[in-house]
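Comments concern the structure below.
All heavy atoms count here, side chains included; hydrogens, waters and symmetry mates do not. The first residue of the sequence shown is numbered 1, and numbering continues consecutively from there.
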Amino acid sequence: MANNELTVAVLGPGGVGGLLAALLSRAGHRVICLAGAETAATLRGSGIRVRSAPFGDFTAPVEADTELREPVDACLITVKATALTPALARVPAQALGDALLVPFLNGVEHPARLRALYPPAQVAPAIIRVESTRVAPGVIEHGSPFAEIDVTGDPVPRERLDALADALRAAGPTTRVLPDETAALWAKMTFLAPLALLTTLPHSRLRSNGGTPIGLPLGGVRTRHREELTALLEETAAVSRSYGGPSDPAGALARYDTFPPGTKSSMQRDAEAHRPLELDAIGGALLRAAERKGIAVPVAAGLVRELEKPQAD
């Protein structure tokens, strides 16, 4: 990635991937989106349309294919954890070459999984804080007033991380390179897990008259379930601390209080759309990590159990 202009593949051009693909394309980089045949055809013909307060409303041209077939500088993995296994078939190891593999995945277990399939020094985990939704193939609504990215990767040469971060930063998102991969992943987990579990939980507690699950955005969670939220933040902080990650439950709660009351987690949106939930990648991974360290997390365990229950209409 020595040149300023990069060739970037984006596996899964949904809410996050579509936004990053469009921003990178607008900044002058060559972008190849990897998706199913129908979505790929739509993107080739119409590009990606973005509606965003901080980045503006624009349409960016992209290339698209069903599989990676040529060398690239970086491949961003922006699918859900539930779709990771079939999606990786679109990125054969031999086609990846020397490219960085950059997973924007929730949880803390995916780097080891990817390093078992691809060269370990090319896997550069990234964390993104954003609310962005694909409302139709090639149409992205960026709803949050921010898009913040952390790039990391303990075995990845620092100069490669810096080059990727420079490209992302110039495209729009606030981007940092963090030196401690474990701490970076747990920083995201300690903030995401309580939000995901508690915004999604009302789907099992509350039912509309028609039998359709209904959700409770962050504003409702931090008022109606504040005690539960505080306890969950303390549990996740304790687990994070045991792995060398950050531990600031009060700071996380204060940041939640600054978010718009209508903020929804991606897992809540998946539940509303009856899509598979990333419950194992987030809640399950938290419970497994706690068990390895012998840390009791009764609130998290109870929420995961409740969300695992099948919901009858």
Side-chain angles (χ1 to χ4, degrees), residues 1-35 39-40 43-44 47-50 52 54-56 58-79 87-88 90-105 111 114-115 118-128 130 132 138 140 142 147-178 181 184:
M1 294 192 292
N3 299 325
N4 290 332
E5 183 177 324
L6 306 181
T7 297
V8 180
V10 177
L11 176 62
V16 169
L19 177 64
L20 295 179
L23 290 172
L24 287 166
S25 172
R26 184 172 69 167
H29 303 286
R30 182 185 175 210
V31 176
I32 307 170
C33 291
L34 305 176
T39 297
L43 298 182
R44 283 194 299 268
I48 298 177
R49 288 192 291 133
V50 173
S52 169
F55 300 132
F58 65 97
T59 298
V62 295
E63 300 175 39
D65 205 338
T66 58
E67 182 178 314
L68 184 63
R69 306 177 193 276
E70 61 180 282
V72 294
D73 294 299
C75 178
L76 313 186
I77 301 179
T78 55
V79 297
L88 289 178
R90 303 190 190 279
V91 186
Q94 64 272 20
L96 186 66
D98 190 45
L100 283 185
L101 192 71
V102 189
F104 285 82
L105 291 168
L114 291 170
R115 287 181 177 129
Y118 301 94
Q122 293 173 223
V123 178
I127 297 97
I128 186 166
V130 70
S132 186
I140 307 298
H142 173 210
E148 302 169 349
I149 295 173
D150 294 331
V151 180
T152 186
D154 291 345
V156 183
R158 175 63 188 243
E159 61 270 18
R160 301 202 72 187
L161 297 177
D162 286 337
L164 175 63
D166 287 345
L168 291 168
R169 190 180 301 115
T174 301
T175 307
R176 306 180 297 178
V177 175
L178 298 184
E181 177 180 313

* So, for L43 and G138, which heavy atoms are closest and what is the spacing to 0.1 Å? -> CD2-CA, 3.5 Å

* Asked: Is D73 reaching over with its side chain to a backbone N or O of T7, donor-acceptor style, under 3.5 angstrom?
  -> yes

* To do: Before giving the answer on side-chain contact (heavy atoms from CB on, under 4.5 Å), spell out for V72 and I32 the whole-Å C-alpha distance, their side-chain angles and the decisive distance to 0.1 Å.
  => CA-CA 9 Å; V72 294; I32 307 170; 4.3 Å; yes

* Side chain proximity check, I77 to L88, heavy atoms < 4.5 angstrom -> yes

* Asked: Any side-chain heavy atom of P103 within less than 4.5 Å of one from P111?
  -> no

* To do: State, to 0.1 Å, how close T78 and P13 come at their nearest heavy-atom pair, and which atoms those are.
  => OG1-N, 4.5 Å

* Can you list the steps and then say if I128 with L20 is a side-chain contact (heavy atoms from CB on, under 4.5 Å)? -> CA-CA 10 Å; I128 186 166; L20 295 179; 4.3 Å; yes

* How far apart are the C-alpha atoms of F104 and L11, what are their side-chain angles, what is the distance that settles it, and do they pass the side-chain contact (heavy atoms from CB on, under 4.5 Å) test? -> CA-CA 10 Å; F104 285 82; L11 176 62; over 6 Å; no

* To do: Any chance you could lay out the side-chain contact (heavy atoms from CB on, under 4.5 Å) test for V156 and V151, step after step, and finish with the verdict?
  => CA-CA 11 Å; V156 183; V151 180; over 6 Å; no

* To do: Mark yes when over 12 heavy atoms from residues, nucleotides or ligands other than R115 sit less than 6.0 Å from its CZ; otherwise mark no.
  => yes

* **Gap between atom CZ of R176 and atom CD1 of I149 - 0.5 Å precision** => 11.5 Å

* Structure fact -> Residues I48 and A22: closest non-hydrogen pair is CG2-CB, 3.9 Å

* If you round to the nearest 0.5 Å, how far is CD of E70 from CZ of R30? -> 4.0 Å

* To do: Please round to the nearest 0.5 Å and tell me the distance separating atom CG of L34 and atom CG of D65.
  => 7.0 Å

* First locate atom OG1 of T59, then atom CZ of R26, and finally report the distance between them rounded to the nearest 0.5 Å. => 10.5 Å

* Taking all non-hydrogen atoms of both residues, which atom of I140 and which atom of G15 are closest, and how far apart? -> CG2-O, 3.7 Å

* Which pair of heavy atoms, one from A35 and one from R90, lies closest together, and at what distance? -> O-NH1, 3.2 Å

* When rounded to the nearest 0.5 angstrom, what distance separates CG in L68 from CD in Q94? -> 9.5 Å

* How about L168 and L24: do any of their side-chain heavy atoms sit closer than 4.5 Å? -> yes

* Which atom pair, heavy atoms only, marks the closest approach of L96 to C75? -> CD1-CB, 4.1 Å

* **Straight-line distance of I127 CD1 to E181 CD, nearest 0.5 Å** => 8.0 Å

